[in-house]
Amino acid sequence: MADQEVKLTLVEKLGRVDRRIVFLLMGIAVLIPLLVHYTTTIPASPIVQNVFDKVESLPAGSKILVSFDYAPSTAPENQPMATSITRHCFEKGHRIYMISLWATGPRQAMELIDDIITPEFPGKVNGIDWIHLGFKAGGQGLINTLLSDFTAMYTTDVNGRAVGDFPMMNGIKSLRDFDLIYCIGSGQPGNKEWIQFAGDPGRIPVGGGTTAVMAPQLYPYYPKQTVGLLGGLQGAAEYEAALIAAYPKYKSMSRVASEKMGPQVSAHLVIAAFIILGNVTYLIERRRQKKQK
Amino acid sequence: MKRTIPLLITFAVGLILIIAMFIPHDPFFDMDRNFSIFYDVIAVFAFILGGGNLLRVHLDKVYQKRRDWKYSIVTLTGFFLMLLAGLFKIGVQSTLQNGVVIGHWAGDFQGTGSLFKYLYDCTFQPLQSTMFALLAFFVASASYRAFRAKTIEASILLVAAFVILIRPTPLGYYLTFWLPDPLKFLTISNLSTWILAVPNMVGQRAIMIGIALGIVSTSLRLILGIERGYLGGE
C-alpha cells in the first residue's frame, strides 16, 4: 500500500496546506497583537472624514438621532463607532437621541451610557443632553411613521418616563426636526432603510457606520444620499484618528477601534500571505503540467 | 368571499399608498400616516407569531425525536429562560429614583442585578461574538482555496480582493508609498478607494435597480390581484 501512495512535492504540499494549520496561524496572528497591545493609526479617508466634518460643522445644540441597529455579534465593529460619535457630539455641544430598530440595540446603547457617557461626561444630563428612547418594532414602517409623527411612536423613554418630561424633546415633531441621522447598523433594517425612508423623502442628512461586509452595498448612496460612511472597524479607527486630530486629548483615552485594528491587520496579512502562497503554487503546478503535456 | 375581501383590501391600501406618495396632502397624507402606524402595530404581533412558530417547530422536533432533537431542547430552554427572566423581572431590585422608591415590578427588566442582564451579558453576548469571530478562520481558509487565478475573471477578483485586503496593513503602505507623484493614483490606498467607489458602485447600482424593478412589478401584481400566493392555499 505504501508504494502506491503518491508522494507530494514541496510545491504540491504548499498548495494543499491543511485547514487546521491555516486556523492555527490565524489564531496566532490574532493573539499576538492582542498580547503586545499593538495599535495602528489609519488616517481618515474622504468618506469617513465627510461624516466627521458634518458633525463638526453643525452649530452647538444640534439634534443628532443615533440609531443602534446591531447586535452583540458585530459590537466589536459597531460599538467604537458609537463611542466616537458620542465623544464628538458632546465636544461640539450637540444633543443625542438614541433609538433602535433592533431589539438588541438598546443594550448596546446602555453599554455606551455606562462606559462612555457616565464616566467621561458627568456633566451631561439625561433628558437635556441625551435621551435613550429604546426599541420599537416595524423597521422601515417605523421610520415612515417617525417621518410624519415622531411622538406617535415614542411616547416614553426606555425607562417608561413620558417624553414630555424631558426638555430636549420639546420641538421634536418628526424626523425632519433632527439635524443629522446617524445610523450604526449591521443589516436590515439599518443604514439603507434610514436613507430610503427618512433621508431621501425628508431631505434629512443621513450618515453612519456599518460592518465591513455591508459597507460596499452602501457606496451607491454616497455622496448624494449619505454624507459619509464608516466601513467596519477600519472606518471606526479612521473616525477615531479624525477625532484625535481635532481633539488631541482623546489620544490618551481608550481608542478601542485603533487597538482592535492590530489583530485585524495581522489577520489580513496572514490571509494575504496564504492567497499569495496558493497562487504561486498553483502557477508552478500549471506550468509543470503544461511542460509534461 | 374569503379571497375577494383580502384582495379588495390589498388593492385599496396599495392604491391609497401610491397616491399618498405623489399627493402628500390630506386626506392621503393622513391615511399614509395611519397605515404606517397600523403596520408598526402589526409588526409587534409578528414577535408573538415568531415565538409561537419557534415553539411549534422545536416542540414537534423533540416530540418526534427527529435528527438533532437534543439541540432543540437547548433552544427551548434558552427561550423560556430569557422570557421568564424578562417577564417576571427576576433579580430586579427596588431602587430610589428622584426621591421615589421604584418597586420590583416598576424596575427595568434589564437593569443592574437582573437575571435578564446577567444572561444577556454572560451568555448571549459572548456566544454571538464567538460565532461571528469564527468567520475570520473560515474566511482565511476559504480565501486560500478559492482565490486562485484560474481565469481572467477570477484574476480580476483576486487582484481587487487583495488590494482591499492589504489596504489597512503596513504592507499596503510600503508596497506603493515610494511611487512618484504622477503615479500616486496607483498607491494601494487610492486603488482601494477607486475599487469601492467605481467598479463596486457600478455593480451595486445595477443590482439595486434590478431589484427595485422586480419589487415594482411584484407589488403591482399583488395590488392588481394577479399574484395571490400570500393568501395561502391553491
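The chains referred to below are lettered A, B, ... by the order of the sequence lines, with proteins before strands, and numbering in each begins at 1.
B:Phe29 touches chain A through its side chain: at least one heavy atom from C-beta onward sits under 4.5 Å away, while N, CA, C and O do not. At a 4.5 Å heavy-atom cutoff, the contact between B:Phe147 and chain A is made by backbone and side-chain atoms alike. Heavy atoms of A:Leu142 lying under 4.5 Å from chain B belong to its backbone as well as its side chain. Proximity to chain A (any heavy atom under 4.5 Å) is shown, for B:Thr193, by neither the backbone nor the side chain. If you measure heavy-atom distances from A:Gln264 to chain B, you find no contacts under 4.5 Å at all. With a threshold of 4.5 angstrom between heavy atoms, B:Tyr120 approaches chain A through side-chain atoms but not through N, CA, C or O. Neither the backbone nor the side chain of B:Met21 comes within less than 4.5 Å of any heavy atom of chain A. Residue A:Ser266 does not touch chain B at all, counting heavy-atom pairs closer than 4.5 Å. Using a 4.5 Å cut-off between heavy atoms, A:Gln217 touches chain B through backbone and side chain atoms alike. Contact of B:Asn34 with chain A is not made at all, since no heavy-atom distance falls under 4.5 Å. Proximity to chain B is limited to the side chain of A:Val22, based on heavy atoms less than 4.5 angstrom apart. Residue contact with chain A, scored on non-hydrogen atoms closer than 4.5 Å, involves the side chain of B:Tyr39 exclusively. At a 4.5 Å heavy-atom cutoff, B:Tyr173 makes no contact with chain A through either its backbone or its side chain.
Considering only heavy atoms from C-beta on, A:Ile275 comes within 4.5 Å of B:Leu165 through its side chain.
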Please tabulate, for side-chain N and O atoms in residues 74-86 of chain B, each donor-acceptor pair with protein atoms closer than 3.5 Å (sequence neighbours left out).
from	atom 1	to	atom 2	distance (Å)
B:Thr75	OG1	B:Tyr71	O	3.1
B:Thr77	OG1	B:Ile73	O	2.6

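When each of A:Ile276, A:Leu283, A:Leu147, A:Val265 is scored by its heavy-atom pairs under 4.5 Å with chain B, the top score falls to A:Val265. For chain A, the option among B:Ile207, B:Leu127, B:Asp121, B:Val202 with the highest count of heavy-atom pairs below 4.5 Å is B:Asp121. The candidate from B:Ser129, B:Pro168, B:Ala43, B:Ser143 with the greatest count of non-hydrogen atom pairs under 4.5 Å with chain A is B:Pro168. Counting heavy-atom pairs closer than 4.5 Å to chain A, the top residue among B:Met201, B:Gln204, B:Arg33 is B:Gln204.
Contact annotation for residues 150-158 of chain A against chain B (heavy-atom separation below 4.5 Å, listed by residue number): A:Ala152, A:Met153.
Interatomic distance, CE of A:Met110 versus NZ of B:Lys117, reported as 9.5 Å (0.5 Å rounding).
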